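One structure is given here, and the rest of the page talks about it.
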Amino acid sequence: QVRLEESGGGSVQAGGSLRLSCVFSEFTYIMAWFRQGQGEEREGVAVFYTNDGDTNYADSVKGRFTISQDRSKKTLYLQMNDLRPDDTAIYYCAQSQQFGLHWSRPSRYNRWGQGTQVTVST
């Protein structure tokens, strides 16, 4: 059974840090973190390419967030530093077995976790 399970969300003050974790059961070509604020569309935050460890980030989080993967633990991480109120959202882990679409397009991903809430206050 395919498994994607996020954890690590919570409430922090602006400038604080959180680390999200996503435990998965199978490796796929790419894995990513997405987020969805209330009343907003789901947006790609960061992507990890399993074959070579390459990463990419949304402009809004570059320099503040870091995506990584521990192969031995089958866990994807998102280290989030210098958090801002506009980072408040539900964060989702996703896997893709498809090619052709940009990594930030939700339609590229066919596996999703249940999400974890991140709330950043002023």
Side-chain angles (χ1 to χ4, degrees):
Q1 184 176 355
V2 173
R3 175 191 180 198
L4 283 179
E5 188 171 324
E6 303 100 333
S7 62
S11 297
V12 296
Q13 290 190 322
S17 298
L18 284 173
R19 188 176 79 158
L20 306 183
S21 300
C22 172
V23 178
F24 57 90
S25 57
E26 296 180 357
F27 288 98
T28 55
Y29 176 60
I30 66 171
M31 294 191 65
W33 287 98
F34 282 75
R35 66 185 181 187
Q36 188 166 17
Q38 193 169 8
E40 298 179 0
E41 293 185 355
R42 192 166 298 191
E43 65 168 341
V45 174
V47 64
F48 186 92
Y49 294 88
T50 302
N51 62 332
D52 62 5
D54 196 12
T55 60
N56 207 347
Y57 298 89
D59 287 344
S60 58
V61 306
K62 279 181 182 176
R64 301 188 298 124
F65 291 12
T66 303
I67 189 171
S68 62
Q69 186 186 85
D70 186 326
R71 294 182 65 88
S72 66
K73 296 181 179 179
K74 288 188 177 179
T75 303
L76 184 75
Y77 299 103
L78 185 69
Q79 177 67 43
M80 305 185 294
N81 299 327
D82 190 22
L83 283 161
R84 305 166 180 169
D86 59 3
D87 294 319
T88 295
I90 299 174
Y91 283 70
Y92 298 90
C93 175
Q95 287 187 308
S96 173
Q97 297 169 297
Q98 303 177 45
F99 297 88
L101 295 177
H102 192 270
W103 72 265
S104 63
R105 296 278 298 275
S107 56
R108 179 169 180 173
Y109 298 81
N110 58 324
R111 299 176 181 176
W112 293 87
Q114 81 287 352
T116 185
Q117 176 72 47
V118 171
T119 303
V120 185
S121 59
T122 55

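It should be emphasised that the depicted structure is a prediction, and the values quoted were computed from it without experimental measurement.
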Using side-chain heavy atoms (C-beta onward) and a distance below 4.5 Å, is [X] in contact with [Y]?
| X | Y | answer |
| --- | --- | --- |
| Met80 | Asp87 | no |
| Arg19 | Tyr77 | yes |
| Leu83 | Phe65 | yes |
| Gln97 | Asn110 | yes |
| Ser60 | Arg35 | yes |
| Ile30 | Arg108 | yes |
| Lys74 | Ser25 | no |
| Leu4 | Met31 | yes |

Once the angle between the rings of Phe99 and Tyr29 is folded into 0 to 90°, is it parallel (under 30°), tilted (30 to 60°) or perpendicular (over 60°)?
->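 Because their plane-to-plane angle lies in the 30° to 60° range, the rings of Phe99 and Tyr29 count as tilted.
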Gap separating the [atom1] atom of [X] from the [atom2] atom of [Y], nearest 0.5 angstrom:
| X | Y | atom1 | atom2 | answer |
| --- | --- | --- | --- | --- |
| Gln95 | Glu26 | CD | CD | 7.5 Å |
| Ser96 | Trp103 | OG | CH2 | 12.5 Å |
| Asn56 | Phe48 | CG | CZ | 13.0 Å |
| Arg3 | Cys22 | CZ | SG | 9.0 Å |

Under the side-chain contact (heavy atoms from CB on, under 4.5 Å) criterion, do Glu6 and Tyr91 qualify, and how do the steps go?
-> CA-CA 8 Å; Glu6 303 100 333; Tyr91 283 70; over 6 Å; no
Measure across Ala46 and Leu78 and return the closest heavy-atom pair with its distance rounded to 0.1 Å.
->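 Here Ala46 and Leu78 meet closest at CB-CD1, 4.2 Å.
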Might you point out which heavy atoms bring Cys93 and Leu76 nearest each other, and give the distance in Å?
->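 Distance-wise, the nearest heavy atoms are SG-CD2, 4.1 Å.
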Please confirm whether the backbone N or O of Gly44 pairs with a side-chain atom of Ser104, one donor and one acceptor, at under 3.5 Å?
->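 No: the side chain of Ser104 does not pair with the backbone of Gly44.
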Can we call the ring centroids of Tyr92 and Tyr109 under 6.0 Å apart?
->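 Between Tyr109 and Tyr92, which both carry aromatic rings, the centre distance is not below 6.0 Å.
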Full working for side-chain contact (heavy atoms from CB on, under 4.5 Å) between Phe24 and Val2 | CA-CA 8 Å; Phe24 57 90; Val2 173; over 6 Å; no
Trace of the side-chain contact (heavy atoms from CB on, under 4.5 Å) decision for Trp112 with Arg42 = CA-CA 12 Å; Trp112 293 87; Arg42 192 166 298 191; 3.3 Å; yes
Give the C-alpha distance, both sets of side-chain angles, the deciding distance and a yes or no for side-chain contact (heavy atoms from CB on, under 4.5 Å) between Arg71 and Thr50.
-> CA-CA 9 Å; Arg71 294 182 65 88; Thr50 302; 3.3 Å; yes
Are Val45 and Val47 connected, step by step, through hydrophobic side chains (Ile, Leu, Val, Met, Phe, Trp, Tyr) whose heavy atoms are closer than 4.5 Å?
->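 Each belongs to a different hydrophobic cluster.
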Transitively linked via ILVMFWY side-chain contacts under 4.5 Å: Ile90 with Val118?
->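 No, no single cluster joins them.
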Could you walk me through whether Asp59 and Lys62 pass salt bridge (Lys or Arg N to Asp or Glu O under 4.0 Å), step by step?
-> CA-CA 5 Å; Asp59 287 344; Lys62 279 181 182 176; 3.2 Å; yes
Neighbour count >12 (heavy atoms, 6.0 Å) for atom CD, Gln114 |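 Buried by this count: over 12 neighbours within 6.0 Å.
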